Amino acid sequence: MGAAPRERRRAAGGLCPAPGGPEAGMGAAGPGGRPRAVLLGLLLVVLVVVPGRGLDNGLARTPPMGWLAWERFRCNVDCRADPRHCISEVLFFEMADRLAEDGWRELGYEYVNIDDCWSAKQRDAEGRLVPDPERFPRGIKALADYVHARGLKLGIYGDLGTLTCGGYPGTTLDRVEQDAQTFAEWGVDMLKLDGCYSSGEEQAKGYPEMTRALNATGRPIVYSCSWPAYQGGLPPKVNYTLLATICNLWRNYGDIQDSWDSVLSIVDWFFANQDVLQPAAGPGHWNDPDMLIIGNFGLSYEQSRSQMALWTIMAAPLLMSTDLRTIAPSAKEILQNRLMIQINQDPLGIQGRRIIKEKSRIEVFLRPLSRAASALVFFSRRTDMPYRYTTSLAKLGFPEKAVYEVQDVYSGKTISGLKAGDNFTVVVNPSGVVMWYLYPTALREQPWRFDQQQAPHGGARPLLL
Ligand SMILES: *[C@@H]1O[C@H](CO)[C@@H](O)[C@H](O)[C@H]1NC(C)=O
Ligand SMILES: *[C@@H]1O[C@H](CO)[C@@H](O)[C@H](O)[C@H]1NC(C)=O
């Protein structure tokens with residue numbers, strides 16, 4: 001996505017929703033009946049919605065994980081002045097090296113994704129997209145080969161419209177098939193299709209047309225659509241039932257920026273609209289609240305932990321946009337938290353919900369997981385000091401007679417035999433979270449185990465209580 005041009009375009013044409021709308025006050029529930037109803041509702045959603053729904057390309061059965069250039073590196077094409085940070089093949093070769101060598105790939109971070117500003121300003125004589133010859137001298141195919149040789153996958157960016165947001169050649173309706181073919185021939189594994197410089201009618205035609213065109217190439221390509229973000233992200237303009245049959249993931253809302261305000265505006269919008277958005281997600285079709293900005297400049301340590309926890313509750317794709325060559329150990333530790341990733345990648349793929357908004361400005365989020373497990377996040381919007389929040393699992397809607405084993409996702413501390421009726425206290429730091437993984441004691445054996453399929457390189461280590 002091209003930031004400055006897109007901002008101008010949005011301002012001028014009103015294509016995109018302005019980010020940062022105020023909290024609409026939905027999703028609140030006092031302790032008591034509502035969370036129970038939410039749990040039951042989530043179970044019904046699983047039964048009714050998951051089988052057979054969604055784009056039938058067999059891809060993205062769990063939220064995609066990897067790295068995406070945009071938020072950190074934008075449309076920096078000045079490789080003379082800034083060779084290390086400009087959009088060039090060197091950046092992607094180096095990020096692939098880091099993903100492969102620094103423990104990321106083993107945890108599931110497998111996509112190396114190019115965003116806007118990779119192409120030449122003109123198509124070639126046959127009308128094909130071509131990469132900028134100075135910044136990508138070896139071409140996209142060579143980059144794909146390099147990435148594949150390291151056990152990773154390559155993502156690319158296109159835009160349904162006359163121009164990309166950054167002003168590069170776009171994919172007009174008559175180019176959809178040709179561009180899908182080009183991407184497939186290069187060995188691309190994921191396509192993010194933006195929506196600058198196209199009308200609502202063109203988008204309604206073009207996004208499904210690209211689904212067909214990608215399918216016709218015969219190459220499995222994960223398809224990320226920006227379509228709903230250009231239509232305000234909500235019904236009646238957005239039909240999420242339809243969208244799930246067209247795209248593997250979709251951007252619902254405005255671009256993330258490197259700030260806590262931006263993260264909060266996204267969190268506010270997604271949870272204010274959770275009744276619409278939560279049922280839309282599932283294996284093969286995900287809401288995408290945009291990239292993880294952990295490791296950059298805008299978030300404190302606590303806020304970084306909050307973004308990771310809340311994105312995991314949302315079953316969001318984990319697409320990091322940070323410089324993996326220089327990332328701080330504390331940020332890396334957050335992004336490489338095994339139990340967090342296991343929760344994010346839970347095979348049921350149920351998006352979580354906010355179940356309580358307390359007057360104390362503590363909010364509680366719940367995501368149901370496979371094998372009767374759950375994740376809970378206690379999030380503080382306070383700005384004073386660590387807050388002691390006392391509640392019980394029964395108050396949060398868990399069955400009255402049940403007993404749970406609890407693991408704190410960040411500290412690793414455990415609680416054994418927590419009865420639903422027992423009061424407990426969590427201490428939540430300002431703009432921070434406490435995150436719990438819980439499963440019924442009756443199961444005795446911990447249902448959580450690092451998924452070996454996802455960790456083909458032997459990095460797996462079961463966490464035992
Ligand atoms: C194309 O679609 C068919 C039927 O929906 C599906 O079985 C197949 O896997 C798809 N192929 C690709 C490459 O997406
Ligand atoms: C949304 O799309 C689905 C699938 O195409 C369709 O069955 C349904 O009627 C649509 N809903 C609305 C409100 O248009």
Side-chain angles (χ1 to χ4, degrees), residues 17 41 44-66 110-111 113 129 140-141 144-145 147-148 152-158 160 171 175-193 195 199-253 273-288 317 347 349 351 453:
L44 288 177
V45 165
V46 184
L47 295 176
V48 173
V49 165
V50 171
R53 217 192 76 171
L55 174 53
D56 187 19
N57 62 5
L59 302 173
R61 303 303 295 171
T62 61
M65 294 175 64
E110 59 176 344
Y111 287 95
N113 289 2
L129 287 171
I140 305 297
K141 176 77 168 71
D145 291 346
V147 161
H148 293 153
L152 300 166
K153 292 176 173 160
L154 185 71
I156 205 162
Y157 168 101
L160 187 73
T171 303
R175 298 280 189 197
V176 167
E177 250 172 65
Q178 182 178 31
D179 290 354
Q181 205 59 44
T182 301
F183 297 145
E185 281 166 16
W186 285 342
V188 161
D189 306 292
M190 179 163 171
L191 170 66
K192 169 176 171 180
L193 192 62
S199 67
E201 293 73 44
E202 286 162 337
Q203 293 178 2
K205 271 206 190 104
Y207 279 100
E209 192 50 46
M210 183 58 86
T211 307
R212 286 188 284 275
L214 290 174
N215 185 278
T217 68
R219 185 175 176 81
I221 298 177
V222 172
Y223 183 27
S224 165
C225 303
S226 301
W227 186 15
Y230 285 85
Q231 300 301 323
L234 295 173
K237 281 187 120 183
V238 178
N239 179 340
Y240 279 103
T241 311
L242 176 69
L243 200 60
T245 67
I246 292 169
C247 314
N248 291 119
L249 60 156
W250 49 78
R251 285 284 311 286
N252 315 64
Y253 192 61
N273 295 300
Q274 63 183 352
D275 290 346
V276 168
L277 303 177
Q278 188 273 335
H285 48 98
W286 310 100
N287 293 300
D288 180 3
Q351 184 171 330
Q453 273 191 329

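Hydrogens, waters and symmetry mates are skipped; everything else that's a heavy atom, side chains included, is used. Since this is a predicted model, take the numbers as computed values, not measurements. Order of listing sets the numbers, starting from 1, for every ligand and every atom in it.
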Tell me whether ligand 1 is touched by Gly218 - counting only heavy atoms on the residue side and a distance under 4.0 Å.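 Per 4.0 Å heavy-atom rule, Gly218 contacts ligand 1.
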Pair Asn215-Tyr223, side-chain donor/acceptor within less than 3.5 Å: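 No.
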Asn57-ligand 1 polar pair, N/O distance under 3.5 Å: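 No, Asn57 has no N/O under 3.5 Å of an N/O on ligand 1.
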Asn215 N/O to ligand 1 N/O under 3.5 Å: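 For ligand 1, there is an N or O atom that lies under 3.5 Å from one belonging to Asn215.
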Sequence neighbours excluded, which residues qualify as ring-ring contact (aromatic ring centres under 6.0 Å, His included) partners of Trp227?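 Tyr207.
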Results of side chain to side chain donor-acceptor pair (under 3.5 Å) for Asn113 - residues two or more places apart only: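 Partners of Asn113 under the side chain to side chain donor-acceptor pair (under 3.5 Å) test: none.
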Asn239: what forms a side chain to side chain donor-acceptor pair (under 3.5 Å) with it, not counting sequence neighbours?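 Counting only residues at least two positions away or on another chain, Asn239 forms no side chain to side chain donor-acceptor pair (under 3.5 Å).
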Side-chain contact, heavy-atom cut-off 4.5 Å: Val176 with Leu160?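 Yes, their side chains come closer than 4.5 Å.
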Collect the protein residues that have a non-hydrogen atom under 4.0 Å from ligand 2 and hand them over in chain and number order.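 Only Asn239, Leu242 have heavy atoms that fall under 4.0 Å of ligand 2, ordered by chain and number.
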Go through the steps to decide whether Lys192 and Arg251 satisfy the test side-chain contact (heavy atoms from CB on, under 4.5 Å), and finish with yes or no. CA-CA 10 Å; Lys192 169 176 171 180; Arg251 285 284 311 286; 4.2 Å; yes
Mutual orientation of the aromatic rings belonging to Trp250 and His285 [parallel < 30°, tilted 30-60°, perpendicular > 60°]: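 Ring orientation, 0 to 90° scale: parallel.
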